[in-house]
Structure formats: structure tokens, C-alpha cells
Amino acid sequence: MIQEIELPIRPRCLHRPKAFYQEVAGNVGVEPEDIRHIEILRQSIDGRGRFPIYRVHMRVYTAPDVYRKPFKNVKLPAMLKGKSVLVVGAGPAGLFAAYTLAMSGHKPILLERGRDVHRRKADVGGLCQRAELDTESNYCFGEGGAGCFSDGKLYTRSNKRGDVQHILDVLIHYGADPAIAYEAHPHIGSDVLPQIVERMRNELILSGGEVHFETRVEDFLLEGGRCIGVRDQNGKEYRGAAVVLACGHSAENIYDWFYTRGYAIEGKDWAMGVRLEHPQEVIDMMQYRQRAIDWELPPAEYGFSTQVNGRGVFSFCMCPGGMIIPSMTEPGRFLVNGMSGSRRASAWANAGIVVSVRQADVAAYAAEYGPLAGLKYQQALEEKFAALDPAMAPAQRLVDFLQGRESANLPSTSYPLGVYTAPLHEILPDFIADGLRAGLADFCAKRPVFHTEEAVMVGLESRTSSTVVLPRNPETYEHIQIKNLYPCGEGAGYAGGITSSAIDGVNCANKLLWNLKREIAISMNI
């Protein structure tokens, strides 16, 4: 017998199997020992009542041997015998594109400008501890992409774009906690995700694929309007049946290539602002009305979104139990991001609080830079912040920002290279400062505990997504002017975050495979 139910479950009950089975058994009318298996389909925290509870949607199996764990084939074939396909970028879009190609028997040749996750870990450590920036291996560049070392959140609203469950199944297969399959806001953590990425890469290689690190693509090889390969920074050429371009949102050299050679590239809106950090207990009290640790709850999250003068103001990439990190990729520019480990165990919670930036806002740059106007505007603001200090972060208490005054002093923060007091309300562009002030004032009015002397704003959060789109044919996913070139993921303007980027990588690879089959059929007059 199978019953599908949703129950409110107390946190302490959920974390104790015997108590959990007793609670479920009482609700379905059986004895605890009669339950063969409980399959959790969805799990979320509801903090609206006096005490927070979990809402658990589940299937309860009570007949003997009725439950069979479904077999999901996500293992790669032992030997790849199909065509070679180049994949530029080893972030989630590129990695899952390569994985999809390998599942179909084709040989992916993965080219990544940064280093493997082990060496990359040392490089980001050098950046955080000693302000030593490696322009090719940092929080944005390297195996696993920008999300690998900056949190590993998997929450997405992209269910209509593709099979989210497939992405989660693959990650679970390579070592992720199975709970990501049903949690409302699944999260792996920057301490665990690198191991998963490494296992995926090793299996790609064992199956016959190739992975080349420290290989920055500088040129695309074109022949008769088709992309037949790429050339790296050392002049070495790689050729394949097609090229998947999953370069990530900070690959400025790729955007320059399209613009300077006259190939289609379009500017798009994105968002910029600050990182706002609170003590985690403040957010716990706001959401749960008690400390999370006392109730065996995970560190609390928050989110908000509003409109100010028709412009979006919203929280982005919320990191409970996390830290603020330096996210520069070039010297002379400054920006920050947020991350957290799998246990989300730090004393702080931070989130990007950002304001949408429209093409009209960067019109002054458009005359000289065309579709790269947003990118150049972003660069200019990062340079402005770096001129204040290249490593330490400018910061301001939330209460002072809302009052338009510089902070006399600052609370402790998680930012590893230190902070200094600065008038962010004056340094930020007016439309961003005004949007942040109005949006945060509105949120603080609704959640007074959020408005605390301990809350500190840290700038600059500037790379929420790509500032451009590499337009592609909606039917074939090829670039609209270059056959056999498949722009995908966040860097091409089609995703935002790990899961949506991975989905786009899968979709691009499937389109590529379909196009290859069609070409073979045409050549054989089938």
C-alpha cells in the first residue's frame, strides 16, 4: 500500500528516525514497524507559526517489498567512439554539456582557462589570506566555474527549461547528499562541490574524454561560416565536429572577440549593488523567532524583491552561515561575492542586495563600446572601488547608509582581507544608492529586526550575471552567424546559477547531437 501525504513535522522529530516513523505511522493509521519505506518528495521550513516546523511531502510504503529504488542511468559508457566535440569552459554548463555528449558516446574535449579544483583551492586561499590574485585561477575562473568556490547553491526556478531532477541525480551519483533531491533550497557547499566536480572529470577522462586546464581560448577557427575549432593563448589549435562555448560571465576576452570581429553580440540588463551581512542569529530570530541551533534547524535564509521607480531591487545569492569573499579577476578592479560551506557554520549571514541596471543607464558608453557598454560600465565601477583600496573592502553600517552618513566605526565582518569605513551612499551611482535605500527601508519597516547596528554593507557586488547575450538560433542553439558554435550557460546570457547553467549545457548538447544526426542523415540521403 502506498499513501502520499504532507505533514507538519517538528524539527527534532524529523532528525530522529524512530520519532519520525512514529509520527508518520500515527497519521497513516499503521504501526511504525509496518512502514517499509518513506520517500520524501519535498521538504521545506515553515516559520509562519509560533514555532517553526518542516512541511514534508512524502510517500509512505506499508506493503512488504512494494518499494523499489528506481534505477537512473547516469553512468558514462566505458569507451567513447563518436565524434570529438570541443567544450570551452568547465563550469556547470560546460561540464554538463560534456557529460551529455559522453553519455551519447561522443568524445568531449574540455578546455578550461583556469586550474583544476585542487590547485584552484590553493589559489583562492592565497587571494583570501594574502590578497594574491591569480588572473587565471580565482573565484570566477577554474574547474567548476564561479559557483564551485562561491557557495554551491542549487535552487532554481528553471523547471520549464529542462530536467532539474536529472542535474540533481548526476550530482548525487557523484557524491552529493541525496537530500538535495527534495529540499526546497538545495545546497552542496564549497567544501563538497569540488570533490563532485573532480569525480565527474575523472570519469569523463576514463571514458576517453579529454580535459585541458590552463587553456584560454583566444580565437575561433572558422571555415565557410562554420566553427571547426579554437586556438589557445599559446597558438595551439584544437579541432572538433562542433564547439560548445560555456565561457562564464567574466570571460571578457571572448566578448571582445565577437565585438571586434563584427559578430553578433547584444547588451542585456543585469544588476549591481552590495553584500549585506548580519550576524546569523539576527536572521534566525527574524525568520524563526528563536535561535536555529536551539531547535535543530538550519541557519535561516531570507529573500526580498521590490520595485523602486519601476526598477527591480532584490536580494541575490543569499548565504546563511557564510562569508563574504574577494571575487576579482583582474588587478585594479574590486568586487565581492558570498559563499558558504556545506554545514553553513559561520556566525554570519550575507546576501547580495542589488538594483537592476538597464541599457539606458549605460547609454554614455554605448557610442564607443556598442553592445559592450554594460561590460565597460561594470569595469569602470570596479576600478573606482579598487582605487579606494585594492584588497580591503569599503563598508558602511546599514543604519548609516539609510541615514546618508558615513559610519564612525564598523562591526566585525567575515570578509577575510578586512574592511574600512566608506560612504557607500556617495560612492555608488545615484540610481543604485537610491534604489538600495528605498528598497531596504521598505524591507526594514516590515522586518524591524533586520534594521540593526550590527548589519553592515560591503561593496561592490557587480557580477550577478553576464552583461551580454551571444544570440543563438532558437531552433538549433547555434550562434546566429556561426554554424557549429553553441553559446550556452551564464556567460552567453542564457542562465543564472549552477542548476540553470547545467540545464542549458544539457539542452545545448542535446541540440548539438540532434544537429549532428541530421547532418549525417542528409549526407547519406536518408
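Everything quoted here is computed from the prediction, not taken from an experiment. Nothing fancy with the numbering, it's 1 onward along the sequence.
Side-chain contact between Arg472 and Tyr494: present, with at least one pair of heavy atoms (C-beta onward) separated by less than 4.5 Å. Here the side chains of Asp256 and Leu372 are in contact, with some heavy-atom distance below 4.5 Å. A 4.5 Å side-chain heavy-atom check between Thr135 and Pro331 finds at least one atom pair inside the cut-off. Two residues are said to be in side-chain contact when any heavy atoms from C-beta on lie closer than 4.5 Å; Tyr139 and Cys128 meet this criterion. Side-chain contact between Phe141 and Thr329: present, with at least one pair of heavy atoms (C-beta onward) separated by less than 4.5 Å. Within the 4.5 Å cutoff, no side-chain heavy atoms of Val468 are placed close to those of Tyr259.
Remark: side-chain polar atoms of Glu237 are not paired, donor with acceptor, to backbone N or O of Arg231 under 3.5 angstrom. For the pair Asn138 (side chain) and Asp134 (backbone), a donor-acceptor distance under 3.5 Å is present. Glu143 places no side-chain N or O within donor-acceptor distance of the main-chain N or O of Glu198, the cut-off being under 3.5 Å. With hydrogens and angles disregarded, a donor-acceptor distance shorter than 3.5 Å links the side chain of Gln233 to the backbone of Glu214. Judged by distance alone, the side chain of Glu277 and the main-chain N or O of Thr413 form no donor-acceptor pair under 3.5 Å. A donor-acceptor contact shorter than 3.5 Å links the side chain of Gln396 to the backbone of Leu424. A donor-acceptor pair is defined here as one N or O able to donate and one able to accept, closer than 3.5 Å; such a pair exists between the side chain of Glu112 and the backbone of Ala90. Without hydrogens or angle criteria, Ser356 side chain to Arg311 main chain gives no donor-acceptor distance under 3.5 Å. No donor-acceptor pair closer than 3.5 Å links the side chain of His106 to the backbone N or O of Val85. In terms of modelled atom types and a separation under 3.5 Å, the side chain of Arg397 and the main chain of Asn409 share a donor-acceptor contact.
In this structure, His185 and Tyr155 have tilted ring planes: the angle between them lies in the 30° to 60° band. Ring geometry for Trp257 against Phe220 counts as perpendicular: the plane angle is over 60°, on a 0 to 90° scale with 30° as the lower cut.
Here the OH-CZ distance, from Tyr263 to Phe258, works out to 9.0 Å after rounding to the nearest 0.5 Å. Considering SG of Cys319 and CD1 of Ile325, their distance stands at 8.0 Å, rounded to 0.5 Å.
Nearest heavy-atom pair, Ile324 versus Pro416, reported as atom, atom and distance to 0.1 Å: O-CD, 3.2 Å. The two residues Trp348 and Ser412 make their nearest non-hydrogen contact at NE1-O, 3.4 Å.
Taking 4.0 Å as the cut-off between side-chain N and carboxylate O, Arg333 and Glu252 count as a salt-bridged pair. Here Lys268 does not pair with Glu266 in a salt bridge; the nearest charged N to carboxylate O distance is not below 4.0 Å. A salt bridge links Lys107 with Glu210: the distance from a Lys NZ or Arg NE/NH1/NH2 to an Asp or Glu carboxylate oxygen falls below 4.0 Å. Using a cutoff of 4.0 Å between basic side-chain nitrogens and carboxylate oxygens, Arg344 and Glu301 are scored as salt-bridged.
In this structure, Ile293 places its CD1 atom where only 12 or fewer heavy-atom neighbours from other residues, nucleotides or ligands lie under 6.0 Å away. Crowding of Arg130 atom CZ: a count of heavy atoms from other residues, nucleotides or ligands under 6.0 Å exceeding 12. Heavy atoms from other residues, nucleotides or ligands lying under 6.0 Å from NE2 of His118 number 12 at most. Counting non-hydrogen atoms of neighbouring residues, nucleotides and ligands closer than 6.0 angstrom, the NZ atom of Lys121 reaches no more than 12 such neighbours.
Exactly one of Arg201, Glu203, Gln195 qualifies for a side chain to side chain donor-acceptor pair (under 3.5 Å) with Tyr174. That residue is Glu203.
Cation-pi check for Lys376 over Tyr369 is met; the charged atom lies under 6.0 angstrom from the ring centroid and within 45 degrees of its normal.
By the side chain to side chain donor-acceptor pair (under 3.5 Å) test, Arg199 pairs with no residue at all, sequence neighbours left out.
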Query raised in the report: For Leu398 and Thr452, what are the C-alpha separation, side-chain angles and deciding distance, and is it a side-chain contact (heavy atoms from CB on, under 4.5 Å)?
Result: CA-CA 7 Å; Leu398 171 62; Thr452 170; 6.0 Å; no
Query raised in the report: Checking side-chain contact (heavy atoms from CB on, under 4.5 Å) for the pair Leu381/Ser462: CA distance, chi angles, key distance, verdict?
Result: CA-CA 8 Å; Leu381 193 55; Ser462 56; 5.9 Å; no
